[in-house]
Amino acid sequence: MNYKTVLRLFAILLVFAFLGSAAAQDPVQVLFWDQVYGNATQEAGMAQIIANFEEANPDIEIVLEVMAFDVMRDIAKTSFEAGEGPDIIYYDAGPAYAGILANAGLLLPLDAAYEANNWDERLIPISREWTTFGGHVYGVGHELEAQGLYWNKRIFAEEELELPATFADLVALCGIFRERGYEAPMAGGFGDPFAFPYVHNWYNILANYVPAETVAAAISGEHPWTDPEIVASLDIIKDQVQGSDCYHEDAYALGFLDGNNMLYTGESPMMLMSTWAMGFFTDEVKDEFGFMIMPPIEGRPQGMIQLMGSAWFIAADTEHPEETIRFLDYLVSADTIQLWLDAGTLPAQANVDYSPYEMRPVYRDFTNLVATWDGQVAYHLDVLTPANFNEAMWETFADLIGDRTTTQEVAERMDAEMQKAVEEGRHVDITG
Amino acid sequence: MANAMTIRPRRPAGYWIAKAAQYGLLILFALYVLVPFMWVIFTALKSNFEIAQDPLGLPPSWRFENIVTAWNVGKFGRYFINSVIVTVPIVLLVVSLSCLAGYGLARLRMPGRMLIFYFFLIGLMVPFTAIMIPLFYILRDIGVLGTYWAMILPQTAISLPFGIFFMRAFFSGLPYDLTDAAKIDGCNDFDVFRRVMLPLAGPAVAALVVFNFMGSWNAFLLPLIYLQSDKLRPVMTGMMFFTTRWGVDYSMSMAGTLIVMAPIMAVYLVFQRQFIQGLTAGAVQG
Amino acid sequence: MTDSIRHFFANRKLRDYATGYAFVLPAMAMYVFFVVYPFFYTIYLSLTKWDGAKPVKEFVGLLNYQELAADPRLWSALSHNLIWIVLGTLAPVAIGLFLGVLLWRGVRGMVFFRTVYFLPVVLAPVAVGIIWKWMYNPRFGPINVTLKALGLDFLAKGWMGDPYVALPALIFAGVWGYFGFCFVIIMAGLQNIDMEQIDAALVDGANGPQRLWYIIIPGLRHVLTMIIAFTLILGVNVFDIVWITTRGGPGRATHVIGTFTYVQAFRESYVGYGSALAIVMGTVSLVVSFIFISIRERGSD
């Protein structure tokens, strides 16, 4: 054996060792499509979660792509159909969004995963309820939210005003603040294409005006949307909230995020918004805020709208189901709770005792509310209603804003779309 | 014939007023064009805080690092490469196929020649929307969705009617003596095409190249629907993802816009005449 | 068999024909497979109800078209296309003509003006949309900030968020991106106008508007017809600039038939309905083109 042969053998050995190790350690890539966060804090939170997961699971690499939610809705279906979709996607639940994907066979049923990971015990019930289509469960929920009223503690103290005890008090407060020179007693911007904050405010009124069972029946297509009570709730939102002096006169020109900003900067003392906005109380926001459920309308039962922000779904054609489910399980584990809280979102995990966790006082108002609420649980419509219903609802609300239609016509249009959806089987039944 | 004592008539005052108005209007429209560009540049070079403080003002510190940040965060390098990877084959294919078919329809005798030409012409009137839906399923079924071919093939096909129309018009205008001479020398049709006609087609081909380059580089909807993955996205579609992602971060958003606009504008400023000729030649033709 | 093939290739004429077809074949193949076939497939799809996923497409005949005829959203979108066509053609052509006449006799800095005016044409419509979305930003955009600074607060609208103003605002942006194109073409057309006629008219005492109406515009007839036709087609097919700025909103205030079709077919999964829409759009486009081709044919004697 001369040294040349030895060298050659050695080289061959090296090559094999390299190949072998590469093959063994090549991390599996899991493509994760996430929705845009509003700010750097939330992004940092997700980055940390991913980093922690990758450290604990060196055989998996999470490739993160972030995009605006409406852009994601544009391309999700075609991407999955083309076989180019992500392995795991954070997407809106409900028949109008994930339902369409599930019914097209593009999502992986998670019945087995729910059992294997005991998710039914660890997650709140709507995680399963809202992501079940055609008898199978497809998603794992996240971002438990409620809708309510934010208020600026400093301003209320300075102005020596009491918190509103009834809805009428709230409307009166708008007038009082305006007299005292506040151009925008309520923060809000409705200039984005769908004017969805306006519509979401209506859900809140509906929740506090019409009994939850009736609303559930209407969502399931079993009760007409032209019910005079529902039309009355539309009148309330139009005249007493949006049409009053609560909002900035330019509110209909402002974008959604710009509108919310008026609360954080102290321009507006109040805001009707879901707890999704909690994520924006970053360190740059100096004032302290409180969160409460919207005060009741005289003589009507209060309802707290609980919703899930969105849910994680897995592609039906994913090449790495095991790894992807492992990541999904991590996202709903106890490890991540503090990171979610830092980002201002509440996970959809059940029975969590939030006392040991650090969070801003305004979040604590929310977690206490969730823990102690024993009133009606109400509905955030568009994650439960079919796509054509939603499109019609947003369009007619835009017309309502422009005074081109009446509340009666809005109700009639929604009813017509719901009936059409029932005929085509595009609705969900939540009464069962 | 000028003589040494030419008397120059004094211009009436009205003349100067008219001249001032003329230049005034011309400059007004020039401002209409330039002001938005200026603002994109100014906004891109400020921080968000500076934008909120003084939206109208000059950038206080000309933050060129914004551009670098936007480039890295937005992965524009990838997007530009993708644009090149799809545009080059598209331009090559369209030009070569259009020259072939355009020459054939202009000079070669075959039954149904005019019918074939009108058949192509109808394609000029069919909008992309009318074919985009089934094209998605067709491309999926032949297995190219998710590859660059998903854009190259359809974009080429829809650019052919115009290209053929254009090259046919050009070749029709060339004199016959050249071809006759070549034929007498024993060339077959293909040789005539390759050796005689094609070299003369320089300016027309250049115009067609510019036209198709712009069409492919500026494409948005077709890549959105067919090039699914972020790894394949060309620059204009990529810009939409970028600006919607950073929607409220105006500084970042405009920096990205500037990155996307700059190359085309630079090339335009250098090659104006070719650009203008290329893009308008098609319209002026026929 | 081989005899007739040999006979075929021996025949000069047939060989010529075969060569001709050979030149055309590659282009024809791509065109048929990626344009013609999909077009007929769209027609077929428009006669079905399909969500893009179910293996079976349900044939429903002309039902989609009937529903379309009764759908107010369609008429709203078409009306927006019409407005776009009218304003979006009149304005840039008028501006192009105006600037062309101003610059006609040669002016200092002509190259500068031409360069500047044509600059937006080079930009992708998507880029034009993004730039103007920023210009129209209600809080920080230059337009509103300037208006407020000048005390004209009441003019500072929500632009892209205001259903009444969004479409005209968009068209204004579109004109910005396009008038340079009209200008350059008209300038080229102006070169072909007979100066002697103008001089004769001057001698006869014709003033500016008379010269314009009686000499310049007729002289530009060919170019004007062509550019109007071209712009009309663009007005029917407009998509990118609307989508990137308002996505058809607010409500349906800026939906044009292109964006509406996209939403129906790709977002709402009403593939059959979307296909019917696509056919309607294709028909409108074809009709408009036809009208203009025949006007041109009749015009060029």
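The analysis underlying the following values was restricted to heavy atoms, covering all of them including side chains, and did not include hydrogens, waters or symmetry mates.
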Inset, instruction - Select one option (side chain, backbone, both, neither) describing which atoms of L100(B) are under 4.5 Å from chain C's heavy atoms. - result: both
Legend entry - Centroid-centroid under 6.0 Å between F172(C) and Y32(B) rings: yes
Legend entry - Portion of F266(C) that has a non-hydrogen atom of chain B nearer than 4.5 angstrom: side chain
Legend entry - Ring-face cation contact, F117(B) with R168(B), 6.0 Å cut, 45° max: yes
Inset, instruction - Decide yes or no for Q228(B) and R233(B): does some side-chain heavy atom of the first lie under 4.5 Å from some side-chain heavy atom of the second? - result: no
Legend entry - Heavy-atom pair count under 4.5 Å with chain C, highest-scoring of M236(B), M254(B), R273(B): M254(B)
Legend entry - V122(C) portion near chain B, given a 4.5 angstrom heavy-atom threshold: both
Inset, instruction - Would you mind checking which part of F140(C) comes under 4.5 Å of any heavy atom in chain B, side chain (CB onward), backbone (N, CA, C, O), both or neither? - result: both
Inset, instruction - Go through the atoms of V288(C) and report whether side chain, backbone, both or neither lie under 4.5 Å from a heavy atom of chain B. - result: neither
Inset, instruction - Measure I279(C) against the heavy atoms of chain B and call it side chain, backbone, both or neither at under 4.5 Å. - result: neither
Legend entry - Residue, of P36(B), A157(B), G163(B), that accumulates the most heavy atom pairs under 4.5 Å with chain C: P36(B)
Inset, instruction - Using non-hydrogen atoms and a 4.5 Å limit, figure out which bit of M132(B) sits close to chain C: side chain, backbone, both or neither. - result: both
Inset, instruction - Can you tell which part of V175(C) gets under 4.5 Å to a heavy atom of chain B, answering side chain, backbone, both or neither? - result: both
Inset, instruction - Report yes or no: does N64(C) contribute a side-chain atom to a donor-acceptor pair with the main-chain N or O of S275(C) at less than 3.5 Å? - result: no
Inset, instruction - Please look at I27(B) and chain C and tell me whether the side chain, the backbone, both or neither of the residue comes under 4.5 angstrom of a heavy atom of that chain. - result: both
Legend entry - Interface residue of largest heavy-atom contact number with chain B, from F112(C), F118(C), W176(C), Y17(C), under 4.5 Å: W176(C)
Inset, instruction - Could you check whether the rings of Y273(C) and Y270(C) sit parallel, tilted or perpendicular, using 30° and 60° as the cut-offs? - result: perpendicular
Inset, instruction - Check whether L221(B) gets within reach of chain C through its side chain, its backbone, both or neither, counting any heavy atom under 4.5 Å. - result: both
Inset, instruction - Tell me yes or no: between the side chains of T237(B) and Y79(B), is some donor less than 3.5 Å from an acceptor? - result: no
Legend entry - Main-chain N/O of A265(C) paired with E268(C) side-chain donor or acceptor, under 3.5 Å: no
Legend entry - Side chain, backbone, both or neither of I142(B) within contact of chain C (heavy atoms, under 4.5 Å): side chain
Inset, instruction - State whether a side-chain donor-acceptor pair under 3.5 Å links W134(C) with T43(B). - result: yes
Legend entry - S253(B) side-chain N/O to D249(B) backbone N/O, donor-acceptor pair under 3.5 Å: no
Legend entry - Between F136(B), F220(B), F120(B), the one whose heavy-atom pairs under 4.5 Å with chain C are most numerous: F120(B)
Inset, instruction - Go through the atoms of T156(B) and report whether side chain, backbone, both or neither lie under 4.5 Å from a heavy atom of chain C. - result: side chain
Legend entry - Proximal component of M214(B), with respect to chain C [non-hydrogen, under 4.5 Å]: side chain
Inset, instruction - Output the option from T261(C), I130(C), L25(C) having the highest count of non-hydrogen pairs under 4.5 Å with chain B. - result: I130(C)
Legend entry - Region of Y117(C) in contact with chain B, defined by heavy-atom distances below 4.5 Å: both
Legend entry - Check: S216(B)/T87(B) side-chain N/O donor and acceptor closer than 3.5 Å: yes
Inset, instruction - Please state whether the side chain, the backbone, both or neither of P111(B) comes within less than 4.5 Å of a heavy atom of chain C. - result: both
Inset, instruction - Go through the atoms of T243(B) and report whether side chain, backbone, both or neither lie under 4.5 Å from a heavy atom of chain C. - result: side chain
Legend entry - K46(B) side-chain N/O to L58(B) backbone N/O, donor-acceptor pair under 3.5 Å: no
Inset, instruction - Kindly say whether P125(C) contributes a backbone atom to a donor-acceptor pair with the side chain of D240(C) at under 3.5 angstrom? - result: no
Legend entry - Options Y41(C), F290(C), F34(C), ranked by heavy-atom pairs under 4.5 Å with chain B, top entry: F34(C)
Legend entry - Side chain, backbone, both or neither of L160(B) within contact of chain C (heavy atoms, under 4.5 Å): side chain
Inset, instruction - Report, as yes or no, whether the 6.0 Å neighbourhood of atom CH2 on W104(C) holds more than 12 heavy atoms from other residues, nucleotides or ligands. - result: yes
Inset, instruction - Answer whether the closest heavy-atom distance between the side chains of I259(B) and M239(B) falls below 4.5 Å. - result: no
Inset, instruction - Below 4.5 Å from any heavy atom of chain C, which atoms of I122(B) appear? Answer side chain, backbone, both or neither. - result: both
Inset, instruction - Quick one: which of G177(C), G109(C), S289(C) has the most heavy-atom pairs under 4.5 Å with chain B, could you say? - result: S289(C)
Legend entry - Flag for N137(C)-N144(C): side-chain donor and acceptor within less than 3.5 Å: no
Legend entry - Region of V33(B) in contact with chain C, defined by heavy-atom distances below 4.5 Å: both
Legend entry - Minimum side-chain heavy-atom gap N218(B)-L123(C) below 4.5 Å: no
Inset, instruction - Could you tell me whether the side chain of T42(C) and the main chain of A130(B) form a donor-acceptor pair under 3.5 Å? - result: yes
Inset, instruction - For chain C, find which of T244(B), L56(B), L139(B) contributes the most heavy-atom pairs closer than 4.5 angstrom. - result: L56(B)
Legend entry - Any donor-acceptor pair under 3.5 Å from S83(B) side chain to V235(B) backbone: yes
Legend entry - Interface moiety of Q22(B) toward chain C, non-hydrogen atoms closer than 4.5 Å: both
Legend entry - Segment of V36(C) engaging chain B (4.5 angstrom heavy-atom cut-off): side chain
Inset, instruction - Mind ranking Y268(B), Y23(B), F275(B) by heavy-atom pairs under 4.5 Å with chain C and telling me who comes out on top? - result: Y268(B)
Legend entry - Part of I95(C) lying under 4.5 Å from any heavy atom of chain B: side chain
Inset, instruction - Assign the ring pair F165(B) / F162(B) to parallel, tilted or perpendicular, where the plane angle (0 to 90°) is split at 30° and 60°. - result: tilted
Legend entry - Heavy-atom pairs under 4.5 Å with chain B, option from F98(C), W243(C), Y37(C), Y44(C) with the top count: F98(C)
Legend entry - Engaged part of F179(C) at the chain B interface, taking heavy atoms whose separation is under 4.5 Å: side chain
Legend entry - Heavy-atom contact with chain B under 4.5 Å, split by part of F40(C): neither
Legend entry - Which of F119(B), F128(B), Y103(B) touches chain C most, by non-hydrogen pairs under 4.5 Å: F119(B)
